[in-house]
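Here is the structure we will look at.
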Number of protein chains: 2
Amino acid sequence: MGLFHRRKEISVQTIRRLPQYLRIFYNLHAYGRELVSSTYLADETHLLPIVIKKDLQAVGAPSKLRAGFKVAGTIEVIEKFLGWNKLNKAFLVGVGHLGAALLGFDGFKNHGLEIVAAFDTHPEKVASTVHGVPVYHTAQLSTMIEKQNLKIAVLTLPAAAAQGVTDTLVAAGVKAIWNFAPVNLQVPDGVIVQKEDISSGLAELCAKLKSK
Amino acid sequence: MGLFHRRKEISVQTIRRLPQYLRIFYNLHAYGRELVSSTYLADETHLLPIVIKKDLQAVGAPSKLRAGFKVAGTIEVIEKFLGWNKLNKAFLVGVGHLGAALLGFDGFKNHGLEIVAAFDTHPEKVASTVHGVPVYHTAQLSTMIEKQNLKIAVLTLPAAAAQGVTDTLVAAGVKAIWNFAPVNLQVPDGVIVQKEDISSGLAELCAKLKSK
DNA sequence: ACATATTAGATATTTTGATATCTATATTTT
DNA sequence: AAAATATAGATATCAAAATATCTAATATGT
């Protein structure tokens with residue numbers, strides 16, 4: 001067994017559960033709790049203890065036999081794993097209802113994200129400030145990305161405009177796009193697109209409701 | 001083989017992909033297209049043809065050998081499967097940034113959902129109208145649910161308030177809760193909770209970004 | 001008319017993720 | 001001090017989901 005044993009791939013589902021754990025660990029830490037067991041966490045999350053155990057083991061959370069996982073240390077490894085220990089600057093394109101709501105969400109600073117500017121094409125929005133974030137015209141997007149060497153963008157604009165803006169973003173050097181528009185964006189290799197679609201959740205809800 | 005052969009359980013992942021298919025089928029239908037193949041849909045969605053074939057077969061989408069799936073008929077079976085062929089009335093609780101954004105989203109009428117009233121405790125919001133939806137005080141929630149025999153509620157309020165409101169909703173007869181608050185709600189058996197958590201998507205994005 | 005290509009349909013295989021079981025250890029209780 | 005208990009850690013099993021392979025049918029092109 002050498003120093004560089006192959007790191008087991010961490011599953012997508014595990015990654016998606018990490019923020020939930022993190023929130024609970026922040027709370028525990030605020031209360032001065034130093035250790036927490038997977039059974040306690042299972043009660044909080046409605047997950048099975050074994051799921052939690054395996055998730056936390058996967059990211060290398062420090063623990064103490066019989067006592068549980070170490071709160072401070074676990075926060076550290078999860079934050080480091082997600083890169084949430086430092087802030088990544090991001091632009092947001094499309095200051096509609098959802099875009100404005102995201103600009104108003106102050107929780108992103110706990111999630112490694114800082115939206116430093118927003119962009120829109122509507123004259124009445126350009127040059128204004130939404131929840132403290134300045135709004136520029138979309139025409140300025142390209143130069144501002146290059147100037148700030150920005151890597152992450154949040155897309156909250158209508159489906160019809162999404163691909164065009166995406167091409168601009170990619171050409172200017174953006175490497176990760178968090179896409180809230182209901183389209184599948186075409187991007188070259190090496191650019192990450194994370195698509196959000198709340199209608200999936202609604203579909204799940206409706207299907208469960210029907211099958212009762 | 002009888003009339004009532006056991007319907008194969010449809011997977012959660014399939015259900016979550018249905019809205020995406022539906023959007024594409026609506027477009028095709030608008031363009032007068034009558035048939036579409038799984039390979040065409042695969043191009044549009046970036047999914048594999050076999051995934052789409054199996055998803056559509058699972059909901060019983062009508063098809064024609066060699067020619068593809070029938071557009072109009074497939075829309076019908078998906079809508080029926082999700083219950084989106086008729087509108088379900090819903091209340092929204094918590095008119096913050098996100099709540100207001102959801103009230104402003106007019107796409108829900110294509111998704112079987114009609115938010116007919118919103119509730120909040122802030123005096124400046126109560127008795128106002130947000131994107132055409134009237135806002136009432138949360139104290140009126142219980143009686144209004146009972147009066148309208150309402151079954152679905154959307155929760156967009158702070159974590160601290162979510163469980164209390166949930167108890168009220170359940171007591172008044174709500175059967176399905178679409179929960180955007182970052183908490184795991186406690187509900188009795190028979191009540192459905194669908195939790196949305198955009199930080200999961202952000203975690204996925206950040207993990208991919210880090211592992212590059 | 002015949003050959004070719006494309007497709008839904010069915011089945012089999014593989015991969016991923018969730019769950020169960022067992023063990024060793026530290027803590028608490030008696 | 002001894003017994004009981006709760007836990008992380010490891011391994012094994014099971015279930016869900018994705019993917020591959022094969023078949024038969026039906027267009028299309030020559």
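Below, read A as the first sequence line, B as the second, and so on, with proteins coming before strands; counting in each chain starts at 1.
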Item to check | Spacing of Gln57(B) atom CD relative to dA17(D) atom C1', expressed in whole Å | outcome: 15 Å
Item to check | Atom pair distance, as rounded to whole Å: NZ in Lys53(A) and P in dA12(D) | outcome: 15 Å
Checklist entry - Could you state the interatomic distance from CG (Leu113(A)) to CG (Leu92(A)), rounded to the nearest 0.5 Å? => result 9.5 Å
Checklist entry - Whole Å only: how far is the NZ atom of Lys64(A) from the C1' atom of dT27(C)? => result 10 Å
Checklist entry - To the side chain of Lys54(A), which of dT19(D), dG9(C), dT19(C) is closest? => result dT19(C)
Checklist entry - Yes or no on side chain to side chain donor-acceptor pair (under 3.5 Å) for Asp55(A) and Thr14(A), after CA distance, side-chain angles and deciding distance? => result CA-CA 6 Å; Asp55(A) 285 347; Thr14(A) 294; 2.7 Å; yes
Item to check | Atom-pair distance (CD1 on Ile52(A); P on dG9(D)), nearest Å | outcome: 14 Å
Checklist entry - In terms of the angle between their ring planes, are Phe105(B) and His111(B) parallel, tilted or perpendicular, with boundaries placed at 30° and 60°? => result tilted
Checklist outcome for this item: Side-chain contact check for Gln13(A): nearest option of dA8(C), dG17(C), dA8(D) is dG17(C)
Checklist entry - So, is Thr14(A) near the phosphate of dG17(C), with a side-chain N or O under 4.0 Å from OP1 or OP2? => result no
Checklist entry - Where the side chain of Ile50(A) is concerned, which of dA8(C), dG9(D), dT21(C) is the nearest nucleotide? => result dT21(C)
Item to check | Distance below 4.0 Å between Thr39(A) side-chain N/O and dT7(D) OP1 or OP2 | outcome: yes
Checklist entry - The side chain of Arg66(A) lies closest to which of these nucleotides: dT25(C), dT19(C), dG9(C)? => result dT25(C)
Item to check | Nucleotide dT16(C), atom C1' - distance to CG of Leu48(B) in whole Å | outcome: 15 Å
Checklist entry - Is there a side-chain polar atom (N or O) of Arg16(B) under 4.0 Å from OP1 or OP2 of dA17(D)? => result no
Checklist outcome for this item: CG of Leu155(A) to OG1 of Thr166(A), rounded to nearest 0.5 Å, is 4.5 Å
Checklist outcome for this item: In whole angstroms, the gap separating C1' of dG17(C) from CD of Glu204(B) amounts to 14 Å
Next on the checklist: Can you tell me if Ser37(A) touches the phosphate of dT7(D), counting only side-chain N or O atoms and a distance under 4.0 Å to OP1 or OP2?
Outcome noted: yes
Checklist entry - Within this structure, what is the NZ-to-P distance between Lys70(B) and dG9(C), rounded to whole angstrom? => result 10 Å
Checklist entry - When you measure from the side chain of Phe69(B), which nucleotide among dT11(D), dG9(C), dA8(D) comes out closest? => result dG9(C)
Next on the checklist: Quick check for you: to the nearest 0.5 Å, what is the distance between Leu82(B) atom CG and Leu202(A) atom CG?
Outcome noted: 8.5 Å
Next on the checklist: Checking contacts here: which listed nucleotide (dT7(C), dA8(D), dA17(D)) is nearest the side-chain heavy atoms of Val12(B)?
Outcome noted: dA17(D)
Checklist outcome for this item: The residue, Asp55(A) or Ser38(B), whose nearest nucleotide of DNA chain C is more 5′ is Ser38(B)
Checklist entry - Which one is paired to dT13(D), where only Watson-Crick or G-U wobble pairs with both distances under 3.5 angstrom count? => result dA18(C)
